[in-house]
Amino acid sequence: MLDGKAVAQQIFDDIATKVGARVAMGKPRPKLATVIVGDDPASALYVRSKQKNARQVGIDSVDHRLPTEASTEQLLELIGTLNRDESVSGILVQQPLPNHIDLVQVVIAVDPVKDVDGFHPYNAGLVAQGLPGGIEPCTPSGIVELLDRGGVRIEGANAVVVGRSNIVGKPTALLLLRRNATVTVCHTRTKDLAGHTRNADILVAAAGQPNLITKDMVKPGAAVVDVSANRADGTQVGDLGPGVEEVAGWLTPNPGGVGPMTRAMLVRNTYEAEVRRRP
Ligand code: GUN
C-alpha cells in the first residue's frame with residue numbers, strides 16, 4: 001500500500017516544525033491565498049481541505065470567492081492585488097474555471113514566485129528543462145514523493161502515464177523522465193492502451209474515467225498510482241477496475257493516496273515560496 005495519508009502527515013509534521021521555528025524567530029507566518037470562481041461543490045471541498053491542512057501546519061489562509069459570472073478582468077484584478085500583497089506567500093486559483101474565463105491569461109498572471117501550484121509557464125518550463133528554482137506542480141511531485149517513500153525504484157523503470165493534462169499527466173511524465181524512468185504518455189487517442197500499460201513497472205492512471213484500467217491491463221508487481229477523483233453516487237472512485245489490487249505490487253488507495261500528497265506538496269510549496277521571497 002502506498003499510504004498517501006500517512007506520508008502526507010509526515011510532511012505536514014515537518015513543515016509545522018519549520019513554520020514554528022520561523023515564527024519563533026519573529027518572522028511572519030506564511031500565508032496561502034485561495035481563489036474559487038463559481039460554486040462548484042467539489043472545488044469548494046478541495047479548497048477547504050487545502051486550507052485546513054495549511055492551518056494545521058501554522059500557515060495562514062485567506063479565501064477569495066468570485067461569482068460564476070465574474071469576468072477574466074475581474075479575476076486578473078484580484079490576482080494582481082494578491083501579487084502585490086506583501087503578506088501573501090502563495091496564490092492558488094482552483095481549476096476548473098468557468099468556460100468564459102481565459103485560463104491562459106489567469107495562469108500567466110500569477111507572480112511565478114507565488115505560484116504554489118507550479119502552473120505558470122515559467123515554473124513549468126524550468127521543471128520541463130530540469131533546471132533548478134522552478135516550483136513543481138503539487139500532484140506530480142506528490143506522486144514522485146510517494147513512490148520514493150514507498151520504496152519504488154523509478155530509475156530505469158518503464159513508467160506509463162495515462163492522461164496528458166497540464167495539471168497532472170504531462171508534468172508527471174516530465175518528473176519521472178527527470179528521474180530516469182522510460183516514460184510513455186497515453187491518452188484518449190492511444191491505440192492499444194492495454195499493450196502499453198501491460199509493460200508498465202509504474203502505471204499512473206490520471207484519465208478521469210472509472211474502470212478504465214482493468215486487472216488484465218496491469219503488469220504483475222507493478223506500482224499503480226490512481227490519481228483521478230471521479231464521483232460515483234456521491235463517493236470518490238479512481239480509474240481502476242475491480243481486482244487491480246490482486247495484481248499490483250504497490251497501490252495507492254483512493255481516496256487516501258494521491259489527494260493528501262497533493263495537499264502536502266501545496267503546503268510545502270507555500271512554505272518554500274515564503275522562505276525564498278523573504279529569507
Ligand atoms: N484542480 C485539480 N487539481 C488542482 C490543483 O492541484 N490545483 C488547482 N489550482 N486546481 C486543481
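Indexing begins at 1, ligand by ligand and atom by atom, following the structure's order.
A donor-acceptor distance shorter than 3.5 angstrom exists from the side chain of R277 to the backbone of V88, with no hydrogens or angles considered. Side chain of D115 to main chain of V110: no donor-acceptor pair is present (N/O by atom type, distance under 3.5 Å, no hydrogens or angles). A donor-acceptor contact shorter than 3.5 Å links the side chain of D239 to the backbone of Q209.
Partners of N199 according to the side-chain hydrogen bond (donor to acceptor under 3.5 Å, both in side chains) rule, which considers only residues two or more places apart in sequence or in another chain, do not exist here.
Under 4.0 angstrom from ligand 1, the non-hydrogen atoms of F119 all belong to its side chain. At a heavy-atom distance under 4.0 Å, no atom of R263 approaches ligand 1. The proximity of V168 to ligand 1, defined as any non-hydrogen pair under 4.0 Å, does not occur for either the backbone or the side chain.
Near L92, meaning under 4.0 Å from one of its heavy atoms, ligand 1 places the atoms 9 (N). Every atom of ligand 1 is numbered from 1 in the order shown, and the set under 4.0 Å from a heavy atom of Q95 is 1 (N), 8 (C), 9 (N), 10 (N), 11 (C).
Taking 4.0 Å as the cut-off, K50 counts as a neighbour of ligand 1 on heavy-atom distance.
Classification of K27 and E274 as a salt-bridged pair fails, no side-chain N sitting under 4.0 Å from a carboxylate O.
Each of L203, L146, L147 was checked for a side chain to side chain contact (heavy atoms under 4.5 Å, CB included) with V225, and the lone residue meeting it is L147.
For atom 9 (N) of ligand 1, the closest non-hydrogen atom on the protein side is D117 OD2, 2.7 Å. Protein heavy atom nearest atom 11 (C) of ligand 1, with residue, atom name and distance: Q94 NE2, 3.5 Å.
The distance criterion of under 3.5 Å between nitrogen or oxygen atoms is not met by I167 with respect to ligand 1.
In this structure the side chain of V62 reaches within 4.5 angstrom of the side chain of K31, judged on heavy atoms.
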